J.: 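Below you will find the structure I want to go over with you.
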Amino acid sequence: DGGITQSPKYLFRKEGQNVTLSCEQNLNHDAMYWYRQDPGQGLRLIYYSQIVNDFQKGDIAEGYSVSREKKESFPLTVTSAQKNPTAFYLCASSMRRLLGSYNEQFFGPGTRLTVL
Amino acid sequence: AQTVTQSQPEMSVQEAETVTLSCTYDTSESDYYLFWYKQPPSRQMILVIRQEAYKQQNATENRFSVNFQKAAKSFSLKISDSQLGDAAMYFCAIGGAQKLVFGQGTRLTINP
């Protein structure tokens with residue numbers, strides 16, 4: 001089955017530690033995205049990548065880093081510089097936007113990160 | 001910059017009734033799309049319906065339809081014959097050249 005997987009489902013981190021969230025897709029999508037979801041604030045874009053070896057900052061990139069070495073993988077690292085990392089993290093992917101088309105995003109099941 | 005505003009944090013409706021969720025947006029782009037996503041308690045995001053901004057005809061998907069008012073920058077979602085499985089968070093989103101911007105969501109409760 002084609003889809004997006006995120007692991008782990010739950011993640012606990014001590015303050016001061018970096019942690020990496022995994023996102024893998026087998027939909028052959030070019031574009032991938034990371035969102036953060038906090039209660040009452042909807043989804044906010046952290047980073048996105050339109051093609052391999054290229055990515056752009058979203059609205060709340062500070063304290064996060066990403067890499068895009070393979071088309072199917074887009075890992076997110078939450079660094080110790082992120083002051084309030086406890087949140088729900090969602091990964092998404094889509095076909096690369098062509099003029100006149102729409103870029104429906106397909107979402108993974110998410111990772112709940114808790115800082116202890 | 002694009003913004004999306006959902007002014008109703010919570011809504012409730014009786015089963016089998018009709019409910020409308022509001023959404024307004026702002027954008028400087030001429031080519032964009034609008035979406036409604038549903039997030040049930042499982043937290044999986046599910047696309048409900050989409051609307052191309054260049055189309056005047058309102059999109060419909062079974063019991064779900066939109067009222068797209070481009071001049072007013074309004075994009076409301078109507079759910080007819082509400083079912084218990086419709087209970088979820090609903091997010092309005094606008095898609096421009098590269099990314100989506102989401103509203104803060106409306107929590108919909110279905111009363112049996």
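Throughout, protein chains are lettered first and strands after them, A, B, ... in sequence-line order, and every chain is numbered starting at 1. Not measured: the values here are computed from a predicted model. As a basis for the values below, the full set of heavy atoms in this structure was taken, side chains included, without hydrogen atoms, waters or symmetry mates.
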J.: Would you say that more than 12 heavy atoms from the other residues, nucleotides or ligands in this model lie under 6.0 Å from the CG of B/Asn62, or not?
T.: no
J.: If you group Ile, Leu, Val, Met, Phe, Trp and Tyr by side-chain heavy-atom gaps below 4.5 Å, do B/Phe64 and B/Val66 land in one group?
T.: yes
J.: Do the side chains of A/Gln37 and B/Phe91 get nearer than 4.5 Å, heavy atoms only?
T.: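 A side-chain contact under 4.5 Å exists here.
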J.: A/Leu45, A/Leu113: one ILVMFWY side-chain cluster at the under-4.5 Å cut-off?
T.: no
J.: Counting only heavy atoms closer than 4.5 Å, note whether B/Gln39 contacts chain A via side chain, backbone, both or neither.
T.: side chain
J.: Has B/Tyr37 got a side-chain atom pairing as donor or acceptor with A/Gln105's backbone, closer than 3.5 angstrom?
T.: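 Checked: pair present.
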J.: Is it true that A/Leu21 and A/Phe107 fall in one hydrophobic cluster, defined by side-chain heavy atoms closer than 4.5 Å?
T.: no
J.: Minimum heavy-atom separation for A/Tyr48 to B/Lys99, with atom names?
T.: CE2-CD, 4.0 Å
J.: Can you list every pair that meets side chain to side chain donor-acceptor pair (under 3.5 Å) and has a residue in residues 8-17 of chain A, with sequence neighbours left out?
T.: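 Applying side chain to side chain donor-acceptor pair (under 3.5 Å) to every pair that reaches into residues 8-17 of chain A, excluding sequence neighbours, yields nothing.
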J.: Using a 6.0 Å cut-off, check whether atom CZ of B/Arg107 has over 12 heavy atoms from anything other than its own residue.
T.: no
J.: Among residues 55-77 of chain A, which residues come closer than 4.5 Å to chain B, judged by heavy atom distances?
T.: A/Asp59
J.: Measure the shortest side-chain to side-chain distance between B/Leu100 and A/Tyr33 over non-hydrogen atoms and say whether it is less than 4.5 angstrom.
T.: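 Of all side-chain heavy-atom pairs linking A/Tyr33 with B/Leu100, none is under 4.5 Å.
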J.: Go through B/Met45, B/Gln6, B/Met89, B/Arg43 and name the one with the most non-hydrogen pairs under 4.5 angstrom from chain A.
T.: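 Among B/Met45, B/Gln6, B/Met89, B/Arg43, the one with the most close pairs to chain A is B/Arg43.
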J.: Check the hydrophobic clustering (I, L, V, M, F, W, Y; side-chain heavy atoms under 4.5 Å; chains of links allowed) and say if A/Met32 and A/Met95 are grouped together.
T.: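 No: no chain of side-chain contacts under 4.5 Å links A/Met32 to A/Met95.
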J.: How is the hydrophobic cluster of A/Val52 composed, in terms of its other members, when Ile, Leu, Val, Met, Phe, Trp and Tyr link through side-chain heavy atoms under 4.5 Å apart, directly or indirectly?
T.: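 ILVMFWY cluster around A/Val52 holds nothing else.
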J.: If you check every heavy atom in residues 82-91 of chain A against those of chain B, which residues fall under 4.5 Å?
T.: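 Checking residues 82-91 of chain A against chain B gives A/Phe88, A/Leu90.
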J.: Given heavy-atom pairs under 4.5 angstrom as the criterion, report whether the side chain, backbone, both or neither of A/Phe106 touches chain B.
T.: neither
J.: Could you state the interatomic distance from CD (A/Glu104) to OH (B/Tyr33), rounded to the nearest 0.5 Å?
T.: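 Output value for this atom pair is 12.5 Å.
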J.: Is there a path from B/Tyr90 to B/Val101 through hydrophobic residues (I, L, V, M, F, W, Y) whose side chains come within less than 4.5 Å of each other?
T.: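 They do share one cluster, since a chain of ILVMFWY contacts under 4.5 Å joins B/Tyr90 to B/Val101.
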